[in-house]
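Notes to accompany the following structure.
Please read all numbers here as calculations on a predicted model, not as lab measurements. All chains are named by letter (A, B, ...) in the order of the sequence lines, taking the proteins before the strands, and each is independently numbered beginning at 1.
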Protein chains: 2
Amino acid sequence: MTSVLSAPPGTDPVERFLHRLAKFEPLEAEARDALRRAIVRGPLVPPYQEVHGESVPDVVVLLSGWACHFQMLGNGKRQISTLVVPGDFADFGFLTGSAADIQYVTTAPSQFGRIRARQFSELTEQFPSIMRATLKAAAMETAIGRERLISLGLRTAIERLAHLICELWWRLSVAGLVGPDNSFHLPMTQAELGAALGLSTVHVNRTLQALRRRDIIGLQGGKVHIHDLKYLTTLSSFDAGYLTGAAPSRAT
Amino acid sequence: MTSVLSAPPGTDPVERFLHRLAKFEPLEAEARDALRRAIVRGPLVPPYQEVHGESVPDVVVLLSGWACHFQMLGNGKRQISTLVVPGDFADFGFLTGSAADIQYVTTAPSQFGRIRARQFSELTEQFPSIMRATLKAAAMETAIGRERLISLGLRTAIERLAHLICELWWRLSVAGLVGPDNSFHLPMTQAELGAALGLSTVHVNRTLQALRRRDIIGLQGGKVHIHDLKYLTTLSSFDAGYLTGAAPSRAT
DNA sequence: CGAAGTCTTGACTAGACTCAAGTTGGGTGG
DNA sequence: CCACCCAACTTGAGTCTAGTCAAGACTTCG
């Protein structure tokens with residue numbers, strides 16, 4: 001099992017980011033060094049801090065913590081469109097140079113890293129591998145979005161929830177954030193899970209209980225324990241292909 | 001009204017594509033010429049032709065017709081994730097150089113244009129504006145996907161349908177494919193609309209009738225007539241911001 | 001200890017799905 | 001030119017998943 005995941009990086013969040021990025025495309029040692037030097041570590045921001053897109057679209061990376069993109073509709077309802085886990089780019093607005101089009105919130109104490117837009121574009125010129133890796137990271141985010149669309153379009157509540165947990169399990173595994181007992185931190189309230197899954201808070205609660213009752217997962221205090229990963233995977237027809245860049249093996 | 005849309009291009013589909021692309025980022029005359037020369041016009045492919053991702057990820061553009069990305073789940077259910085209209089890139093797999101990860105079908109007789117991968121990357125080196133425009137096109141596709149996620153997550157059936165029609169109205173307007181009477185071709189069956197909107201065929205049918213009964217739209221023979229665009233817009237809280245690259249004006 | 005936010009439970013409602021049976025319309029072949 | 005066929009569309013009836021409303025219990029945390 002661990003063969004797929006390869007050895008997680010050390011504990012330093014910047015190294016984790018570099019490790020993640022290099023998985024998309026091999027990075028020369030000099031490219032890594034240049035990135036290391038370019039990243040400015042930000043302060044620890046508290047939970048529920050809103051981060052607005054700025055007119056200067058610097059490259060922002062989530063080093064530690066948790067964040068999510070969301071949008072609101074006039075009626076006060078909220079949809080979370082993307083979950084940002086440590087090692088992810090916070091958003092890809094910098095690729096187009098246009099003002100970041102999206103706003104996001106932290107849901108846990110978080111630290112961001114930042115690379116000045118100008119400096120980043122110099123880096124990509126010097127090291128095209130960095131650009132290729134970044135584009136692949138963006139493509140993966142698109143693939144994740146597509147998969148979430150599929151969840152909302154044709155999976156039931158329990159399948160959606162199971163699929164999300166599988167997805168997070170995989171992504172956090174790659175980032176080295178899953179414990180040996182298949183547990184990880186999930187700093188989201190049930191209301192937030194609902195906003196991400198297109199379900200009401202109450203229904204998320206009941207659905208979680210169904211999974212708990214069958215002893216598939218445990219969830220308490222913002223920490224998930226997966227007791228039966230195989231069941232979860234089957235239930236939600238989870239196929240990690242979209243998270244690896246490999247060819248999809250979906251459908252027949 | 002027409003100020004927003006600017007004069008649509010002539011009738012040639014390649015010109016339409018160039019016109020669309022230039023809306024994302026101004027293109028020098030030489031860049032346009034180079035693109036014109038690089039595009040190879042493909043044959044007319046019949047409806048329901050599946051196009052698989054190839055190992056050589058050439059740049060493929062839909063010149064005329066209609067196509068959609070879809071994925072299937074084991075239970076035979078289908079989700080359409082993206083609608084491709086004339087002037088759109090068929091998919092953005094070429095950006096990462098990896099084998100196109102997505103398959104799509106035509107739903108109408110369609111013509112694709114193709115640029116060899118190698119030639120395209122030479123073009124983007126010579127004319128960075130082409131790369132910028134392409135990245136912005138990709139960003140718009142992401143934004144469209146996010147908006148569809150919102151539809152599935154928190155809009156009702158009638159709102160989803162109305163929103164989709166508004167979106168298509170806008171996109172096809174930019175492509176110069178909407179008639180003066182606010183009508184356009186929509187070569188999708190009700191089953192396909194359902195697969196795009198996360199609704200059953202039967203429910204799509206009933207929902208369409210609700211819109212017809214209130215005389216908001218007409219839909220027959222693959223052609224939509226919008227009678228009350230304002231109502232549609234309000235009903236679905238449609239905000240074209242995400243289709244223009246402008247700052248979102250959503251929520252308050 | 002109180003307060004606020006989160007989680008849990010119950011009862012009722014409703015929007016959307018399924019199944020099943022027509023109906024329409026365009027296209028083909030005799 | 002008509003008969004037939006198939007796919008798409010339409011309608012009805014019954015069911016069910018998930019939403020809403022409302023109240024109560026559990027946790028932090030100041």
> Quick one, which residues of residues 181-188 of chain A touch DNA chain D with a heavy atom under 4.0 Å?
Replying inline: none
> Judged by modelled atom types alone, do R155(B) and S237(B) share a side-chain donor-acceptor pair under 3.5 Å?
Replying inline: yes
>> Under a 3.5 Å distance rule, please check whether S110(A) uses its side chain to pair with a backbone N or O of W66(A) as donor and acceptor.
In response: yes
> Can you pull the contact range of chain A along DNA chain D, 5' to 3', using atoms under 4.0 angstrom from its heavy atoms?
Replying inline: dA18(D) to dC21(D)
>> Before you tell me yes or no, could you show the steps for I165(B) and L219(B) under side-chain contact (heavy atoms from CB on, under 4.5 Å), namely the whole-Å CA-CA distance, both residues' side-chain angles and the distance that decides it to 0.1 Å?
In response: CA-CA 11 Å; I165(B) 291 170; L219(B) 170 54; over 6 Å; no
> To the nearest angstrom, how far is E192(A) atom CD from dG5(C) atom P?
Replying inline: 13 Å
> What is the distance from CD of Q190(A) to C1' of dT8(C), rounded to the nearest Å?
Replying inline: 8 Å
>> Check this one for me: any side-chain N or O of K77(B) less than 4.0 Å away from OP1 or OP2 of dT18(C)?
In response: yes
>> Can you identify which nucleotide, out of dT8(C), dT6(C), dT18(C), has its nearest atom closest to the S200(B) side chain?
In response: dT18(C)
> So does H185(B) have more than 12 non-hydrogen atoms from other groups sitting under 6.0 Å from NE2?
Replying inline: no
> Contact class for T156(A) (heavy atom, under 4.0 Å): base, sugar-phosphate, or nothing?
Replying inline: sugar-phosphate
> Mind checking whether H163(A) and F238(A) have parallel, tilted or perpendicular rings, split at 30° and 60°?
Replying inline: perpendicular
>> Without decimals, in angstroms, what is the distance between H203(A) NE2 and dC7(C) P?
In response: 17 Å
> Looking at residues at least two apart in the chain, or sitting in another chain, which of them share a ring pair (Phe, Tyr, Trp, His ring centres under 6.0 Å) with H69(A)?
Replying inline: Y104(A)
>> Looking at L62(B), is its backbone amide N or carbonyl O close enough to the side chain of Q111(B) to form a donor-acceptor pair, meaning the two atoms are under 3.5 Å apart?
In response: no
> Starting at CG of N205(A) and ending at C1' of dG10(C), how long is that distance when rounded to a whole Å?
Replying inline: 12 Å
> Considering only heavy atoms, which members of residues 207-227 of chain B lie under 4.0 Å from some atom of DNA chain D?
Replying inline: Q209(B), R212(B)
>> For residues 65-88 of chain B, which residue pairs pass the salt bridge (charged side-chain N to carboxylate O under 4.0 Å, His left out) check, not counting sequence neighbours?
In response: R20(B)-D88(B), D88(B)-R171(B)
>> Just the rounded figure in Å: distance from P of dA16(C) to CG of L161(B).
In response: 11 Å
> Under 4.0 angstrom, heavy atoms only, what part of the nucleic acid is G198(B) near: base, sugar-phosphate, or nothing?
Replying inline: sugar-phosphate
> Is T201(B) reaching over with its side chain to a backbone N or O of Q190(B), donor-acceptor style, under 3.5 angstrom?
Replying inline: no
> Between the side chain of T106(A) and the main-chain N/O of P46(A), is any donor-acceptor distance below 3.5 Å?
Replying inline: yes
> Residues in side chain to side chain donor-acceptor pair (under 3.5 Å) with R212(A), at least two apart?
Replying inline: none
> In whole angstroms, how far is the P atom of dA14(C) from the CZ atom of R206(B)?
Replying inline: 18 Å
